[in-house]
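Written out below as structure tokens is the structure these notes cover.
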2 protein chains.
Amino acid sequence: MTKAYNNHDRLLVAVDCIIFGFDGTEIKALLVKRSLEPEKGKWSLMGGFVSAKESVHDAATRVLENLTGLDNVYMEQLHCFGDVKRDAAGRVISVAYFALIKLDDYKEALLQKHQASWHSLHKIPAVVFDHKKMIALSLERLQQKAIAYPIGFELLPTKFTMQQLQALYEAVYNNSFDKRNFTKKILSLNILNRLTEKEKTTSRKGSFLYTFDKKKYNLLKKQGIKLL
Amino acid sequence: MTKAYNNHDRLLVAVDCIIFGFDGTEIKALLVKRSLEPEKGKWSLMGGFVSAKESVHDAATRVLENLTGLDNVYMEQLHCFGDVKRDAAGRVISVAYFALIKLDDYKEALLQKHQASWHSLHKIPAVVFDHKKMIALSLERLQQKAIAYPIGFELLPTKFTMQQLQALYEAVYNNSFDKRNFTKKILSLNILNRLTEKEKTTSRKGSFLYTFDKKKYNLLKKQGIKLL
DNA sequence: TAGAATAAGTGTAATTTTTACGTTTATTTA
DNA sequence: TAAATAAACGTAAAAATTACACTTATTCTA
């Protein structure tokens, strides 16, 4: 380390992950019971400290994988929260990340281990520090993200019905759309593949299953896509 | 500080400011000659370290005011850059901010003092560390921002002509628009006030001056505005 | 002082996108 | 085989976007 930097303060740097999942009806966020003082036992985002030898991004990935058992998860940085008094126990700045996972992938065992559980965005309990702000901001980001990025890639099973996809967008925007117009618009983007296979549990007729076509999407993205 | 946090590493935390201005034709970024080792004398964003007693946001405001002599500047957080080796001299994470200022407000004296100068976004010289990435990302953010926020508030003089406003948007998007359609769209938003006054230096006929109406804009924003 | 030169200001038709809205179809079960 | 269920599908009206060129106000100069 160069001498020039010696005079400056060093701060604790944490990461916190807002993890979203979709249960078919609602967008949910994964919260854990905080495992250390202060505020031990209260609801909290999953977080951890950044060590000197890892990048901030790697720290977030580590925390996420540790909690969910998943790697290759969609994750992006949300915002750095840097208020002096944001952590009751001392000066800690936190870089918040938000992640999208397929709710079913989440391992029940880990859920137990970390005393984690899914909470509807409309019924978030009291959470520690500034985590409420983090969650609020991440929802805004999710809504904004969903305009240009097919979040269904991450939040739905590989094969899904048009109804499921629509329910997802309705949950994200807390709004309802016309079925015909929704289908029309999504299909016009030409990023879905309709399978011959049908999902038969929800109706007698059965509904077609679709998959996202990542190649088509990437092609489209270059031109500046707008999903909704 | 609680004991629970004692084991964790503390890191140097910096802020870097990407400062945009508009000269009537081009979007420019303000760069300074770096004043400390390593890489002293090379082009750099204006930055500084976050002290233990100030918020990250306050640090960015301080750095910005110190360089430009301006307060009440539009500024928002861009991204936290946290790679282990991003700073050649040691582990420093940097929170980048981007700011929009009226180029003319910028004090010549400070420009001298910090060896600062404006650089066209298309001709950014070699800059230290990961500042090139920061600048690139901030341009993306500016473009995205300009869709929903009237950046002219910040980048143009209080009174401006339709031509100046169009030139600004053309510079941001590196694109050209039809004059009639541009005017039509902007006026339809109803956030401009046309003055009786005219700007006569650029033409014999003279062009009307406009001002932004912040009240009308705030009203519109609640409904979810789209500027372009 | 009339006309030439300059840049500003303005309108309309064609196309595309978005919205609103109800009926038909495939399948199962009684 | 009829009834019930949810899926699939199309069209007309409205709104937004695009493409496109002439008129106007003013000044300068001949």
Side-chain angles (χ1 to χ4, degrees), chain A residues 24-25 143 146-148 150 152 156-157 159-211 220 223-228, chain B residues 24-25 143 146-148 150 152 156-157 159-211 220 223-228:
Chain A
T25 307
Q143 292 179 335
I147 293 172
L156 291 175
K159 297 173 182 182
F160 54 88
T161 65
M162 196 56 78
Q163 289 73 21
Q164 291 175 295
L165 185 61
Q166 180 167 349
L168 171 60
Y169 278 89
E170 291 184 337
V172 168
Y173 292 107
N174 194 27
N175 202 340
S176 70
F177 306 113
D178 178 85
K179 184 170 52 154
R180 283 158 296 185
N181 292 339
F182 181 84
T183 307
K184 206 188 310 178
K185 194 157 190 176
I186 291 288
L187 290 180
S188 76
L189 294 168
N190 199 34
I191 57 169
L192 297 185
N193 293 320
R194 188 165 93 169
L195 309 179
T196 48
E197 206 178 335
K198 281 192 166 190
E199 155 64 44
K200 306 283 284 246
T201 59
T202 51
S203 83
R204 295 186 173 152
K205 187 176 178 178
S207 29
F208 284 108
L209 287 164
Y210 293 84
T211 56
L220 209 60
Q223 301 151 36
I225 191 186
K226 182 167 169 268
L227 262 78
L228 223 63
Chain B
T25 308
Q143 293 179 336
I147 292 172
L156 290 176
K159 299 172 181 182
F160 53 88
T161 65
M162 195 55 79
Q163 289 74 23
Q164 290 175 297
L165 185 61
Q166 178 167 351
L168 171 60
Y169 278 88
E170 290 184 338
V172 168
Y173 292 107
N174 195 25
N175 203 338
S176 69
F177 306 116
D178 178 84
K179 184 171 53 156
R180 284 159 295 187
N181 293 339
F182 182 84
T183 307
K184 206 189 310 179
K185 193 159 191 176
I186 291 289
L187 290 180
S188 76
L189 296 168
N190 199 34
I191 56 170
L192 296 186
N193 293 319
R194 188 166 94 168
L195 309 179
T196 48
E197 208 177 334
K198 282 191 162 190
E199 155 64 45
K200 307 281 286 242
T201 60
T202 53
S203 83
R204 294 182 175 156
K205 186 175 180 179
S207 27
F208 283 109
L209 288 165
Y210 293 84
T211 56
L220 208 62
Q223 302 150 34
I225 192 185
K226 184 168 168 268
L227 262 78
L228 223 62

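We name chains A, B, ... by the order of the sequence lines, and we start the count at 1 in each one. Computed over heavy atoms, backbone and side chain alike; hydrogens, waters and symmetry mates excluded.
- For A:Thr196, there are no side chain to side chain donor-acceptor pair (under 3.5 Å) partners, not counting sequence neighbours.
- The stretch residues 159-167 of chain A touches DNA chain D through A:Gln163, each having a heavy atom under 4.0 angstrom from the strand.
- Counting non-hydrogen atoms under 4.0 angstrom, B:Thr202 reaches the backbone sugars and phosphates but no base.
- Residue-level contact check: B:Lys184 touches the bases, meaning some heavy atom is under 4.0 Å from a base atom.
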Does the pair A:Tyr169 and A:Leu228 meet the rule for a side-chain contact (heavy atoms from CB on, under 4.5 Å), with working shown?
-> CA-CA 9 Å; A:Tyr169 278 89; A:Leu228 223 63; 3.5 Å; yes
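- In this structure, CG of A:Leu187 is placed 15 Å from P of D:dA7, rounded to the nearest angstrom.
- In this structure, B:Ser207 and B:Gln163 have side chains that are in contact, with non-hydrogen atoms separated by less than 4.5 Å.
- For DNA chain C, the outermost nucleotides in 5' to 3' order that have an atom under 4.0 Å from a heavy atom of chain B are C:dA5 to C:dT12.
- If you measure from atom CZ of B:Phe182 to atom P of D:dT17, you get 14 Å, rounded to the nearest angstrom.
- For A:Lys226 and D:dT17, the NZ to C1' distance is 13 Å, given to the nearest whole Å.
- A heavy-atom distance below 4.5 Å is found between the side chains of A:Ser203 and A:Lys205.
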Identify the pairs formed between an N or O of the protein and an N or O of nucleotides 23-28 of chain D at a distance under 3.5 Å, and give each distance.
| residue | atom | partner | partner atom | Å |
| --- | --- | --- | --- | --- |
| D:dT24 | O2 | B:Lys205 | NZ | 2.9 |
| D:dT26 | O3' | B:Arg204 | O | 3.3 |

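- Across every non-hydrogen atom of A:Gly24 and A:Ala167, the tightest pair is O-CB, 3.6 Å.
- For the pair B:Leu227/B:Ile225, a side-chain contact is recorded, criterion being any heavy-atom separation below 4.5 Å from C-beta on.
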Residues 171-179 of chain B, side-chain donor-acceptor partners within the protein, below 3.5 Å, at least two apart:
| residue | atom | partner | partner atom | Å |
| --- | --- | --- | --- | --- |
| B:Tyr173 | OH | B:Gln143 | O | 2.6 |
| B:Asp178 | OD2 | B:Arg180 | N | 3.0 |
| B:Asp178 | OD2 | B:Asn181 | N | 2.9 |

For A:Leu189 and A:Lys226, run side-chain contact (heavy atoms from CB on, under 4.5 Å): C-alpha distance rounded to whole Å, both residues' side-chain angles, the deciding distance at 0.1 Å, then the answer.
-> CA-CA 9 Å; A:Leu189 294 168; A:Lys226 182 167 169 268; over 6 Å; no
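- Side-chain contact between B:Lys159 and B:Leu195 is present, with heavy atoms from C-beta onward closer than 4.5 Å.
- At least one side-chain heavy atom of B:Glu170 sits less than 4.5 Å from a side-chain heavy atom of B:Gln166.
- Looking only at side-chain heavy atoms (C-beta outward), B:Thr211 and B:Leu192 stay at 4.5 Å or farther from each other.
- Within residues 174-181 of chain B, the residues that have a heavy atom under 4.0 Å from DNA chain C are, in order of number, B:Lys179, B:Arg180.
- Taking 4.5 Å as the limit, every side-chain heavy atom of B:Tyr210 sits out of range of all side-chain heavy atoms of B:Ile186.
- Annotation: side chain of B:Lys198 is not in contact with side chain of B:Leu209 (no heavy-atom distance under 4.5 Å).
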